[in-house]
Amino acid sequence: MTPTSLWERYCQSLCLCPEIGLSLDISRMNHDDGFLERMEPAMQKAYAEMAALEGGAQANQDEGRMVGHYWLRTPSLAPRDDIRREIEETLERILLFCHRIHSGGITSQNSGSFTRMLIIGIGGSALGPQFVADALSSPNDPLKPHFLDNTDPDGMDRVMAEIGDDLARTLVIVISKSGSTKETRNGMLEAMAAYRQRGLDFARHALAITGKDSQLDRLARDQGWLERFPMWDWVGGRTSVTSAVGLLPAALQGIDISALLQGAAACDALTRRTETSSNPAALMALMWHYAGNGRGERDLVMLPYRDRLLLFSRYLQQLLMESLGKELDREGRIVNQGIAVYGNKGSTDQHAYVQQLRDGLDNFFVTFIQVLRDRDASSLEVEEGVTSGDFLFGFLQGTRTALHDKGRQSLTISVERIDPFTIGALIALFERCVGLYASLININAYHQPGVEAGKKAAGAVIELQRELRDYLTAQGRAMTAGEIAAGLGRSERTEEIFAILRHLAANPERGVVVERTSAVEEWRFSMGT
Ligand SMILES: O=P(O)(O)OC[C@H]1O[C@](O)(CO)[C@@H](O)[C@@H]1O
């Protein structure tokens, strides 16, 4: 394509959305002129399904649930008055609670004001809050956020060490929709132990965000924690960032959550449009469809050129891959759908994997995010007439061109600046896009049956570990994994038994001792004395 026709294609296909200070450029995708027209009937069907979803249909059919994250920022759209009221009341309670924390109305046990918060959660109960916290942090944040988002003991030690003596002035927010996620439970138990060790009353530092009457909800109620905020079954974990899950930590950090909700609501309003050329979520969904042939054949590489957006790709990884990565379509046919997401930030990633994007496998499409405002203050000229921000911009443009020269495809989202409004809009844009794309490929984007298998298998490993320890204690001698497995009548799990014992033996305080040879089948395990 000649430079002139490329400019024409750019002008024709640029979707300008001044309402949210955002534009979407699809000119560097390789679709032909008729593609959007051919897809229009499918797109109209997707709009109708989205309207039904927003109207309160049980869009998550497999779980018999409504899908209501859009109501969180426009409560008047909620299909029932009680839902609207709950959303509004929760928001008021969040703001009031934050006011009391910030103003010293609620103090820590030793009467000091809270200066840090420890947020414990995983998946949708951590990724959104982490993204927002990092994107919108400032040196003046009234509460500095820390996260326990795993059951990794060493990881938890690192976080607790960072908090150190400030634990007494740290508010703990335990987030779990189900209230029974093991990683989160473990993080909470470890945090409780840390408070106990310092002679502090955990309940006076803790609050919960969870489903009504969940295990966590009951614990928080029985122990008299500071507060409990609701999660509703009509909000999925990965779309919960505009519920208390994302709003409470953000507000405590001093982030303007009203602006974030306004940004999301404004984006919702314009992505409800059924005129595809002016709907950036629809255009993006169509480009995903085009790029991957409606089968996810290309990976989505997220390349935001702004450090503050580093965690966006991690957040989107769950939003897209848990929503779209499905074995069955809505009619129960095997389709094995999905779109793989990876990426960190530009220009840093140019020095990592962009080499492969330009010269290697052509199995991806890039989504660049450009932020027009470089920084709040004026910039140093690093070369005559040129700033660091000019270089960042140049690297984005350069990579986009270099990829295009090799026929490699990209989308470019431009936003004015990074602020709460824009972050809300970006979140809403991708949520809507995922929903529309799911309709185009006929899958349920709102359940996650595949995650359960891993959780169940992990539970079985923990059970087996208990059995093994009892068995080894009773045997009182050193045995190979094979002998133990045979003794337990579980020969089919010999490898698992070996792995469990090897792990225990690597942690001397766990009491399992190993005698090694060069052949693993001869390693002999016993309970130490
Ligand atoms: O909020 P919960 O119930 O602790 O779940 C955490 C995460 O676990 C999952 O169920 C599976 O990863 C996610 O969908 C969810 O966001």
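Positions are given from 1 along the sequence. We count ligands from 1, going down the list as the structure has it; atoms in each ligand are counted the same way.
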Asks: Donor-acceptor check, side chain of D141 to backbone of K144, threshold 3.5 angstrom: yes or no?
Replies: no

Asks: Around ligand 1, what residues show up once you keep those with a heavy atom under 4.0 Å from it?
Replies: I122, G123, G124, S125, S176, K177, S178, T181, G237, Q318, E322, Q448, V451, K455

Asks: Let me check something: any side-chain donor-acceptor pairs from residues 61-69 under 3.5 Å, sequence neighbours excluded? List them with distances.
Replies:
| from | atom 1 | to | atom 2 | distance (Å) |
| --- | --- | --- | --- | --- |
| D62 | OD1 | N444 | ND2 | 2.6 |
| E63 | OE1 | N60 | ND2 | 2.7 |
| H69 | ND1 | T239 | OG1 | 3.3 |

Asks: Would S113 and R169 count as having a side-chain donor-acceptor pair, cut-off 3.5 Å?
Replies: yes

Asks: Which residues satisfy the side chain to side chain donor-acceptor pair (under 3.5 Å) test with D222, sequence neighbours excluded?
Replies: none

Asks: Taking only residues two or more places apart in sequence or in another chain, which ones pass side chain to side chain donor-acceptor pair (under 3.5 Å) with D470?
Replies: none

Asks: Could you verify whether a donor N or O on one side chain and an acceptor N or O on the other, from D201 and Q109, lie under 3.5 Å apart?
Replies: no

